[in-house]
Visitor: 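Can you keep this structure in mind? I'll have questions shortly.
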There are 2 protein chains.
Amino acid sequence: MSCVQTLRELGYRMTPQRQAILEAVHTHDDHFSTEEVHEEVRARYPQVNISTVYRTLELLKELGLVTQTDLGEGILRYHHIDKGHHHHLICENCGAIIDVDESVFSPLKRELLQDYQFKANMSHFAIFGRCAKCQR
Amino acid sequence: MSCVQTLRELGYRMTPQRQAILEAVHTHDDHFSTEEVHEEVRARYPQVNISTVYRTLELLKELGLVTQTDLGEGILRYHHIDKGHHHHLICENCGAIIDVDESVFSPLKRELLQDYQFKANMSHFAIFGRCAKCQR
DNA sequence: CGCTTTATTGCAAAGGGTTGCAACAATCAA
DNA sequence: TTGATTGTTGCAACCCTTTGCAATAAAGCG
């Protein structure tokens, strides 16, 4: 499990809690919530507190191992970086979610770097608007 | 006050609370928080509940009269649409906020419309990343 | 003006997420 | 292996925001 190595190498401690959370994260191909990870971790370690899950996912995000997005549900969802980059177009009217390849953002990313020397971290975007069906 | 007209015309009721909130919104040129609006409204109508402020700002957002953004503070900030469109580049390291003209997003907006028939509502974006100084 | 309808409000509770702090335990050096 | 150091955890409290519900009061009509 490469994350375990990564965390250790960066000077973080490996705890049973973190190990279980990392394993849960790796089993998901989809956009998982903190709650879901907590449930899965508790199946084996019932005492693990959800704030530990929040803190660990936040850490993984800062290390760039997962991405974090609010898909408009009012909760944060995470996605493992190894499972592919992409973005989402979310219809404010019908809730449809359209997946978009990350390449769509490349020109914008390049422009921000050239014009503002700003290195945008656009690894998992949610853009709200209206899908084809819902434009009256 | 044009918003008052707009709300009435759309079939919404005009209450003292809404009037006071609208006035507070109009006095701001900057990115104001729900809390700030609440404080200002309470100066005149001390009984107004903050959930009314939340609900009214949400309504104004849905009607496209204000934009809503999280600038990374953990609170939502609003901006009056008449005071100009723009976006923000926010440095995850030093917290610097760089304002960006909305035109930067026009090509992306156009591409999403052409390729996905998706009409993106990109009126007030916050993009996180690293500013020039903080790229090691 | 008074009545009816129903949108809006205040309140309290809840929901998702963060944080301060004391107890705990991973790590490392002796 | 033991002890010291200090990063992590669990817990409770808190923050920001949303929501259910009963009471209130705008708006439209006779």
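Convention: sequence-line order gives letters A, B, ...; per-chain numbering from 1. Treat the numbers as computed from the prediction; the structure is a model and nothing was measured.
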Visitor: Taking the side chain of A/Ser51 as its heavy atoms from C-beta onward, which of D/dG10, C/dT8, D/dT9 lies nearest to it?
Guide: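 Closest nucleotide among those given: D/dG10.
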
Visitor: Give B/Gly74 one of three labels, base, sugar-phosphate or nothing, depending on what nucleic acid heavy atoms sit under 4.0 Å from its own.
Guide: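 If one applies the 4.0 Å heavy-atom cut-off, B/Gly74 turns out to touch the sugar-phosphate alone, with no base involved.
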
Visitor: Mind checking A/Gln47 for me? I need base, sugar-phosphate or nothing, with any heavy atom below 4.0 Å counting as a touch.
Guide: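 The residue A/Gln47 makes sugar-phosphate contact but no base contact.
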
Visitor: Determine: side-chain N/O of B/Arg13 to OP1/OP2 of D/dA25, distance under 4.0 Å, yes or no.
Guide: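 Checking D/dA25 against B/Arg13, no side-chain N or O comes under 4.0 Å of OP1 or OP2.
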
Visitor: Would you kindly give the OH-to-P distance between B/Tyr45 and C/dT9, to the nearest whole Å?
Guide: 13 Å

Visitor: Which whole-number value in Å describes the distance from A/Leu7 CG to C/dA26 C1'?
Guide: 13 Å

Visitor: Whole-Å distance between D/dC15 P and B/Ile75 CD1?
Guide: 13 Å

Visitor: To the nearest angstrom, how far is A/Arg8 atom CZ from C/dT27 atom C1'?
Guide: 9 Å

Visitor: Are A/Phe125 and B/Phe125 an aromatic pair by the rule of ring centers under 6.0 Å?
Guide: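 For A/Phe125 and B/Phe125, the ring centres are under 6.0 Å apart.
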
Visitor: Taking only the side-chain nitrogens and oxygens of B/Asn49, find out if one of them lies under 4.0 Å from OP1 or OP2 of C/dT9.
Guide: no

Visitor: Taking only the side-chain nitrogens and oxygens of A/Gln17, find out if one of them lies under 4.0 Å from OP1 or OP2 of D/dG10.
Guide: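 Checking D/dG10 against A/Gln17, a side-chain N or O does come within under 4.0 Å of OP1 or OP2.
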
Visitor: Can you tell me how far P of D/dT8 sits from CG of A/Leu10, to the nearest Å?
Guide: 11 Å

Visitor: Aromatic ring centroids of B/His86 and B/His88 under 6.0 Å?
Guide: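 Yes, close enough.
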
Visitor: Please check if the distance between the ring centroids of B/Phe105 and B/His87 is under 6.0 Å.
Guide: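 Judged by ring-centre distance (under 6.0 Å), B/Phe105 and B/His87 do meet the cut-off.
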
Visitor: Provide, to the nearest angstrom, the distance between the CD atom belonging to A/Glu35 and the C1' atom belonging to C/dA14.
Guide: 14 Å

Visitor: Just checking B/Arg55: base, sugar-phosphate only, or nothing, at a heavy-atom cut-off of under 4.0 Å?
Guide: base

Visitor: For B/Thr34, does its backbone N or O pair with a side-chain atom of B/His38 as donor and acceptor, under 3.5 Å?
Guide: no

Visitor: Rounded to whole angstroms, how far apart are CD on A/Gln19 and P on D/dT8?
Guide: 14 Å

Visitor: Can you find a side chain N or O atom of B/Tyr54 that sits less than 4.0 Å from OP1 or OP2 on D/dT18?
Guide: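 So the side chain of B/Tyr54 is outside the cut-off, no N or O lying under 4.0 Å from OP1 or OP2 of D/dT18.
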
Visitor: To the nearest Å, give me how far apart CD (A/Glu58) and P (C/dG16) are.
Guide: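 Nearest whole value for this atom pair: 18 Å.
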
Visitor: Closer to the 5' end of DNA chain D via nearest nucleotide, is it A/Arg18 or B/Gln68?
Guide: A/Arg18

Visitor: Assign B/Leu76 to base, sugar-phosphate, or nothing according to its heavy-atom contacts below 4.0 angstrom with the strands shown.
Guide: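 Sugar-phosphate, backbone atoms only, no base.
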
Visitor: For a quick test of reading the model: is some side-chain N or O of B/Thr52 closer than 4.0 Å to OP1 or OP2 of C/dG10?
Guide: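 Yes, because at least one side-chain N or O of B/Thr52 sits under 4.0 Å from OP1 or OP2 of C/dG10.
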
Visitor: Using heavy atoms to find the nearest nucleotide of DNA chain D for B/Met14 and B/Tyr78 separately, return the residue whose nucleotide is more 5′.
Guide: B/Tyr78

Visitor: Under 6.0 Å between the ring centres of A/His85 and A/His124?
Guide: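 Ring centroids of A/His85 and A/His124 are no less than 6.0 Å from each other.
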
